[in-house]
Amino acid sequence: MTTAGERALPGSTLPGATLPESADLVIIGGGMVGVTLALLLAQRLPQLRVVLLEATRFPVFQPGQPLPYTPGFDARNTALSRRTIQTFTDLGLWPQLQPHATPIRQIHVSDRGHFGISRLSAEEEQVESFGQVMENAWLGVVLLAALRQCPSVTLCDGVDVTALQVVGEHAEVTLRTTGGEHVLCAPLAVAADGTQSRSRDWLGLQASWRDYGQTALVTTVATSLPHEQVAYERFTSDGPIALLPLPDEARSGESAQPAQTRRSLVWALSTAEAERVQQLSDAEFMAELQQAFGRRAGRFTRVGRRHAYPLQLMVAQQQVVPRALILGNAAHSLHPVAGQGFNLCVRDALVLVERLADAVAAGGDIGDAALLRAYEAARREDQRQIIRFSDSLVRGFSSANPLLSLLRNVGLLGFDLLPGAKPALARYAMGLNHV
Ligand SMILES: Cc1cc2nc3c(=O)[nH]c(=O)nc-3n(C[C@H](O)[C@H](O)[C@H](O)COP(=O)(O)OP(=O)(O)OC[C@H]3O[C@@H](n4cnc5c(N)ncnc54)[C@H](O)[C@@H]3O)c2cc1C
């Protein structure tokens, strides 16, 4: 029912949803990070009235139908670290997510044309797995279904935020719906509107960019050999190739693949090469992939639709202003080589929610500048380490410099032999390095 001061919200998928004029906290962007933050807030701080604004419409999943894609929950697959899995477990969502996930029990790193190879085994590291891989679209189905059940969160999709500014003691968010323009005020706005965040510009936050000159081709492939829960990372002179295990397709009948042969492929290539490879027929694509990846997974027998993602490093130099902050890819967007982007954002969101909970418990102001600066400072070291780690990995392995090549191969060989090196990398892969 619409109450005084509220308008019917034509774009929303929530029946009867209304667009309020004020909230305690507004989230701009309903991608993986915005939605995860909303779920964390609903659990930890249910007394806060949260409004989540998303530009696209969230589809409702019909069992038996193809998985729906949105810009935030798309054709990619994500390697969820153990810390992220723990977060979804604490939210009570892992039982719904797990049937769509596959554990990584071994990590195999190699360098094409060189002799260095490293293997990490979960058993040796005495962990159940290094993490689990799942399709982003499945994450969307489960997380959005859960969010629709949270009474403290108003989910407004199909609304485009067109301005964000700080006015006195409020963040003022202007948005456009099919019903016209609307202004929403809150003591705190969190912008999780992606790498090209317009909120970052509206708030005057500067960012530094590094174009890697690479594009990632993302697709699902099938192989003649079962994946046996092994994740491969192969470095080539063009860029890294990641091949991750995926759950079997939930289909029956003739089209079903043999068990454990579905894998997620992320193939980073120079942008010109990616454009060429994108145009190849499926058979030509698999032949070139076979050439670049080798035979460790057997033959590539099937390839799905290919999607292209330009790769860059974007780091905001400042992430907070009084009454607003940027989160997720809006704050830092990394090369996917180490599978760390989303996992890092989840750790940011966890710390943010704890800081907000402390403020609420003390009767304080959640948009207070000192509180937001303290959050930013608390996250600086983890972010710096992960950004440096993934950037060095890309640049170290892309270099044609023979000395670097030798060093990295010695590094890879030494890595198998050096006590302490493996567990350290394993901890990075598991997202357990900093919490
Ligand atoms: C190929 C690839 C593979 C990856 N693999 C991994 C992995 O294995 N592990 C890992 O941890 N990370 C991985 N990542 C990183 C991960 O995908 C990102 O960190 C994550 O998607 C960031 O989500 P986000 O919600 O911040 O941004 P986005 O997904 O970009 O979402 C932003 C949302 O904001 C909405 N929006 C934008 N502007 C507005 C507006 N004005 N008004 C309203 N809404 C707006 C958009 O519609 C969108 O839904 C990978 C990235 C790539 C490119």
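Indexing begins at 1, ligand by ligand and atom by atom, following the structure's order. Quick caveat, the model's predicted, so the values are computed rather than measured. Note: hydrogens, waters and symmetry copies are ignored here, and every other heavy atom, side chains too, is used.
Considering backbone and side-chain N/O atoms, G339 comes within less than 3.5 Å of an N/O atom of ligand 1. Here's the thing with T195: none of its N/O atoms is less than 3.5 angstrom from an N/O atom of ligand 1. Below 3.5 Å of separation, one finds no N or O of T56 facing any N or O of ligand 1. Looking at ligand 1, you'll find an N or O of R76 within less than 3.5 Å of one of its N or O atoms. Backbone and side-chain nitrogen or oxygen atoms of N343 are examined, and one is located within less than 3.5 angstrom of a nitrogen or oxygen of ligand 1. Among the atoms of N136, none of the N or O lies under 3.5 angstrom from an N or O of ligand 1.
Checked for salt-bridge contact, E376 and R373 miss the test: no charged N lies under 4.0 Å from a carboxylate O. Using a cutoff of 4.0 Å between basic side-chain nitrogens and carboxylate oxygens, D193 and R198 are not scored as salt-bridged. Salt-bridge formation is not detected for the pair R82/E128: no Lys NZ or Arg NE/NH1/NH2 atom is positioned less than 4.0 Å from an Asp or Glu carboxylate oxygen. With salt bridges taken as basic N to acidic carboxylate O contacts below 4.0 Å, none links E123 and R105. With salt bridges taken as basic N to acidic carboxylate O contacts below 4.0 Å, one links R276 and E288. Ionic pairing of E135 and R262 is present here: one or more N-O contacts between side-chain nitrogen and carboxylate oxygen are shorter than 4.0 angstrom.
Here is the list of ligand 1 atoms found below 4.0 Å of a heavy atom in G328: 26 (O). With ligand atoms numbered from 1 in the order given, ligand 1 contributes 1 (C) to contacts under 4.0 Å with heavy atoms of V218. Close contacts of ligand 1 with R198, meaning ligand atoms under 4.0 Å from a residue heavy atom, involve 41 (N). Close contacts between ligand 1 and A79 involve ligand atoms 7 (C), 8 (O), 9 (N) [criterion: under 4.0 Å to a heavy atom]. Listed by atom number, the atoms of ligand 1 under 4.0 Å from A192 heavy atoms are 32 (C), 33 (C), 34 (O). Taking a cut-off of under 4.0 Å to the non-hydrogen atoms of G72, the atoms of ligand 1 that pass are 29 (O), 49 (O).
In terms of protein heavy atoms, atom 24 (P) of ligand 1 is closest to V33 CG2, 3.7 Å. The protein non-hydrogen atom at the shortest distance from atom 34 (O) of ligand 1 is G29 CA, 3.3 Å. The protein heavy atom nearest to atom 45 (C) of ligand 1 is A55 CB, 3.9 Å. At the shortest separation from atom 42 (N) of ligand 1 among protein heavy atoms lies V161 N, 3.0 Å. The protein heavy-atom contact nearest to atom 12 (N) of ligand 1 is F342 N, 3.0 Å. Taking atom 28 (P) of ligand 1 as the reference point, the nearest protein heavy-atom neighbour is G194 CA, 4.2 Å. Protein heavy atom nearest atom 49 (O) of ligand 1, with residue, atom name and distance: E54 OE1, 2.7 Å. Among protein heavy atoms, the minimum distance from atom 50 (C) of ligand 1 is reached at P336 CB, 3.9 Å.
Between W138 and F61, the angle of the ring planes goes over 60°, which puts this pair in the perpendicular group of the 30/60° scheme.
The heavy-atom pair separating A359 from I366 by the smallest distance is CB-CG2, 4.5 Å. Residues R76 and P71 come closest through the heavy atom pair NH2-O, 4.2 Å. Closest of all the heavy-atom pairs between F235 and V109 is CE1-CG1, 3.7 Å. A pairwise comparison of heavy atoms in F293 and R234 identifies O-NE, 3.1 Å as the closest pair. Closest approach of G29 and E54 over heavy atoms only: C-OE1, 3.7 Å.
In this comparison of D348, L175, N329, the heavy atom closest to atom 20 (C) of ligand 1 sits on N329.
Contacts with ligand 1 closer than 4.0 Å are made by backbone heavy atoms (N, CA, C, O) of V159 only, the side chain lying farther away. Heavy atoms of D193 found under 4.0 angstrom from ligand 1 belong to the backbone as well as the side chain.
The only member of D24, L40, L188 that meets side-chain contact (heavy atoms from CB on, under 4.5 Å) when paired with L356 is L188.
Protein heavy atoms all stay at least 4.0 Å away from atom 14 (N) of ligand 1.
By the 6.0 Å and 45° rule, R306 stacks over the aromatic ring of F285.
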